[in-house]
Number of protein chains: 2
Amino acid sequence: VSEFELLAEIRRRLAAEDKGLLVGPGDDAAVTRREGFAVTSVDAVVEGVHFERRTSPLASIGHKALAAALSDLAAMGAEAGEAYTVIGIPTDLDRDGCLEILAGLEALAGQTGTSLAGGDITRSPVLFLAMTVAGHAESLEQLVTRAGAEPGDALAVTGELGGAGAGLALLTQPDQVSELSPELRGALEARQLEPTPRLAAGRALAAAGATAMIDLSDGLGADAGHLAAESGARLEIDAETLPLAPGLGEVAAGTGADPLELAVSAGEDYELLAAIDPDRFETAVAALGQLGLALTRIGEVVAGEGLEIRRPGGGLLEPRGFDQLRDSSPG
Amino acid sequence: VSEFELLAEIRRRLAAEDKGLLVGPGDDAAVTRREGFAVTSVDAVVEGVHFERRTSPLASIGHKALAAALSDLAAMGAEAGEAYTVIGIPTDLDRDGCLEILAGLEALAGQTGTSLAGGDITRSPVLFLAMTVAGHAESLEQLVTRAGAEPGDALAVTGELGGAGAGLALLTQPDQVSELSPELRGALEARQLEPTPRLAAGRALAAAGATAMIDLSDGLGADAGHLAAESGARLEIDAETLPLAPGLGEVAAGTGADPLELAVSAGEDYELLAAIDPDRFETAVAALGQLGLALTRIGEVVAGEGLEIRRPGGGLLEPRGFDQLRDSSPG
């Protein structure tokens with residue numbers, strides 16, 4: 001596959017209708033004009049580390065790479081703007097394969113109002129995607145960092161947890177789980193393969209007064225720990241309040257996993273964890289309800305440091321970090 | 001090497017003193033405020049494709065990855081702002097090795113006034129760096145694309161050509177060239193390992209009225225072709241006017257290469273090619289002279305399409321593209 005021909009094909013397909021995008025793909029750099037503050041994040045996925053072509057369709061690889069990057073913008077409460085894609089292409093991936101990855105990216109970009117503004121393609125011994133996303137906010141008050149959680153705040157999480165981990169288990173050990181409807185199986189696999197960045201929810205939570213937010217990419221255990229550290233506070237979570245994805249129990253039973261462990265440590269759910277003044281919690285619930293998304297109270301912020309996740313009936317969950325889980329995962 | 005520990009160490013070292021950088025490394029995303037227009041480019045380097053650890057010190061790998069990305073901002077005439085780094089780390093690169101790469105990045109960032117605003121670290125079977133750089137311009141008139149060259153414009157190139165290619169030949173075939181002083185050898189190797197993005201020159205050329213610019217990353221032959229295509233014009237270049245890097249002739253003689261071929265096809269010189277109204281050429285020469293940089297007239301823009309590089313004494317140079325050259329290079 002010739003780098004130049006493929007770039008030309010990709011550029012032809014990226015006919016942006018974005019008035020803020022003044023120079024798009026095909027020049028030395030993209031030129032944009034946006035009001036206010038720029039919010040930028042980078043995120044990379046590597047074959048064999050974050051995905052396997054055996055279990056991920058190519059379009060899903062593109063979708064998920066962009067979703068993971070946009071999820072960081074969601075966790076700031078920012079509006080999505082542009083995305084820039086670096087693709088490292090191994091020799092066993094042909095032109096059509098590259099375009100399938102791009103199709104997955106494009107579809108999610110379209111759904112989220114993100115312009116694909118530029119990119120770079122290189123040969124590589126391993127397939128990888130490095131995404132940069134730029135978002136925007138008119139004022140700093142619209143943005144929420146990881147650092148503002150205060151003792152007394154409620155802790156809340158959007159949507160459902162454990163679905164992506166259950167989906168990975170289904171994809172890598174498809175014969176282990178028999179007690180599951182095709183609908184639930186498909187929904188859980190989709191949570192793993194094509195996650196949804198919670199952009200509108202992030203803006204709604206920011207508007208409702210969230211004091212700190214983080215997206216759950218590495219798992220609640222790891223990410224809640226980051227939020228606690230950046231905020232200089234302690235988080236206490238009751239595991240029995242966690243909103244578990246439908247079907248998680250069946251998958252855990254079939255694969256011999258602990259469902260709470262999957263919900264807390266498997267990661268990749270790309271839901272948002274937010275700290276919020278308890279007096280404003282119901283307002284936030286109503287705002288997310290308008291988006292068709294649940295907001296579940298799972299614990300609170302207290303003085304101190306660190307993180308505690310209490311098992312139902314006593315004892316603590318010891319969340320494993322991303323690295324450990326990945327090292328031991330069948331993928 | 002633990003991803004989290006390394007990220008924490010890196011963040012500790014990135015104490016930015018940039019008033020436009022409101023949220024730096026360590027949150028879900030960076031937050032910046034800059035006036036005017038944002039100019040953004042991405043660029044990736046992969047071990048075995050763009051560099052070899054055998055011939056590139058780790059700090060040089062970091063330097064060059066950032067330099068190549070900043071060179072795209074230079075070619076737009078933009079001011080450098082922030083950089084975001086994705087590093088894929090193989091198991092045979094330890095924590096100190098990662099920090100050496102970062103030290104090379106940091107040093108060039110300091111020299112160019114670029115803030116390292118964020119990044120991502122991942123395990124990878126192969127070492128790679130994907131850089132995103134964001135630059136800025138107060139008005140669109142300060143920026144120059146590849147598309148504005150007009151028939152009648154002069155074509156000019158900054159600095160010297162062929163140095164990076166000669167440097168690569170010296171690094172990969174060190175015993176082939178004996179007729180070269182240690183100073184020249186060091187200078188040519190530095191052109192290959194630690195190129196200088198022509199940021200100030202790009203702004204000066206834009207201010208002097210350049211109608212189109214591109215940076216010479218893939219070689220004059222390939223990059224002039226891009227400028228011709230984007231401008232819808234034909235470029236005619238006299239190879240005997242090309243400013244060849246001192247020592248290029250000796251390296252070419254020692255390695256059996258054609259010096260003009262190296263100057264036109266080897267690439268990675270990261271000089272700028274500009275089209276400019278001939279009446280403004282002397283102004284541009286004077287402006288670049290203030291920066292200690294030569295500006296050499298090498299040809300002209302005419303009506304038509306494509307690119308012609310005339311050999312001294314007759315005949316045409318057939319520049320090889322980046323892919324072909326890399327495929328046949330000893331690296």
Side-chain angles (χ1 to χ4, degrees), chain A residues 2-4 22-23 26-34 36-50 71-73 75-76 78 82 84-86 88 117-120 122-126 128 130 132-135 137 140 143 145-147 213-215 222 230 321-323 326, chain B residues 2-4 22-23 26-34 36-50 71-73 75-76 78 82 84-86 88 117-120 122-126 128 130 132-135 137 140 143 145-147 213-215 222 230 321-323 326:
Chain A
S2 149
E3 223 172 281
F4 292 136
L22 304 164
V23 176
D27 218 296
D28 291 298
V31 179
T32 55
R33 170 146 226 180
R34 312 283 183 193
F37 297 82
V39 183
T40 307
S41 187
V42 296
D43 208 70
V45 291
V46 179
E47 181 168 18
V49 179
H50 302 94
S71 181
D72 286 317
L73 299 188
M76 300 294 288
E82 314 90 55
Y84 303 86
T85 316
V86 172
D120 189 29
T122 174
R123 281 178 291 136
S124 167
V126 63
F128 73 86
T132 301
V133 288
L140 269 189
L143 297 176
T145 70
R146 298 177 178 180
M213 282 203 288
I214 190 168
D215 70 313
E230 294 293 326
F322 178 73
D323 271 311
R326 280 296 162 152
Chain B
S2 148
E3 222 172 282
F4 292 137
L22 303 164
V23 177
D27 218 297
D28 291 298
V31 179
T32 55
R33 169 146 226 179
R34 312 284 184 192
F37 297 83
V39 183
T40 307
S41 187
V42 295
D43 209 69
V45 292
V46 179
E47 181 167 18
V49 179
H50 302 94
S71 181
D72 286 317
L73 299 188
M76 299 294 287
E82 313 91 54
Y84 303 85
T85 316
V86 171
D120 188 29
T122 175
R123 282 177 291 137
S124 167
V126 63
F128 73 85
T132 300
V133 288
L140 269 189
L143 296 175
T145 71
R146 298 177 177 178
M213 282 203 287
I214 191 169
D215 70 313
E230 294 292 325
F322 178 73
D323 271 312
R326 281 294 161 153

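The chains referred to below are lettered A, B, ... by the order of the sequence lines, with proteins before strands, and numbering in each begins at 1.
Only the side chain of B/Ala130 comes within contact range of chain A, with heavy atoms under 4.5 Å apart. Interface remark: B/Ile214 contributes backbone and side-chain atoms alike to the contact with chain A (heavy atom separation under 4.5 Å). Proximity to chain A is limited to the side chain of B/Val23, based on heavy atoms less than 4.5 angstrom apart.
Considering only heavy-atom pairs separated by less than 4.5 Å from chain A, the leading option among B/Arg33, B/Glu82, B/Arg34, B/Glu47 is B/Arg33. The residue among A/Thr145, A/Thr32, A/Val39 with the most heavy atom pairs within less than 4.5 Å of chain B is A/Thr32. Across A/Thr132, A/Val46, A/Thr40, the residue that shares the most heavy-atom pairs under 4.5 angstrom with chain B is A/Thr40. Considering only heavy-atom pairs separated by less than 4.5 Å from chain B, the leading option among A/Leu143, A/Leu73, A/Asp215, A/Thr85 is A/Asp215. Top candidate by heavy-atom pairs under 4.5 Å with chain B, chosen from A/Ala134, A/Ala147, A/Ala78, A/Ala30, is A/Ala30.
In this structure, the side chains of B/Ser41 and A/Asp28 stay at 4.5 Å or more apart for every pair of heavy atoms.
One finds the CG atom of B/Leu22 at 6.0 Å from the CZ atom of A/Phe37 (value rounded to the nearest 0.5 Å). Atom CD of residue A/Glu230 and atom CG of residue B/Asp27 lie 6.0 Å apart, to the nearest 0.5 angstrom.
Closest non-hydrogen pair, A/Asp120 versus B/Ala44, comes out as OD2-N, 3.0 Å. In plain terms, the two heavy atoms of B/Met76 and A/Val31 that are nearest each other are CE-CG2, 3.6 Å.
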What's the verdict on side-chain contact (heavy atoms from CB on, under 4.5 Å) for A/Phe128 and B/Thr122, showing C-alpha distance, side-chain angles and the deciding distance?
CA-CA 11 Å; A/Phe128 73 86; B/Thr122 175; over 6 Å; no
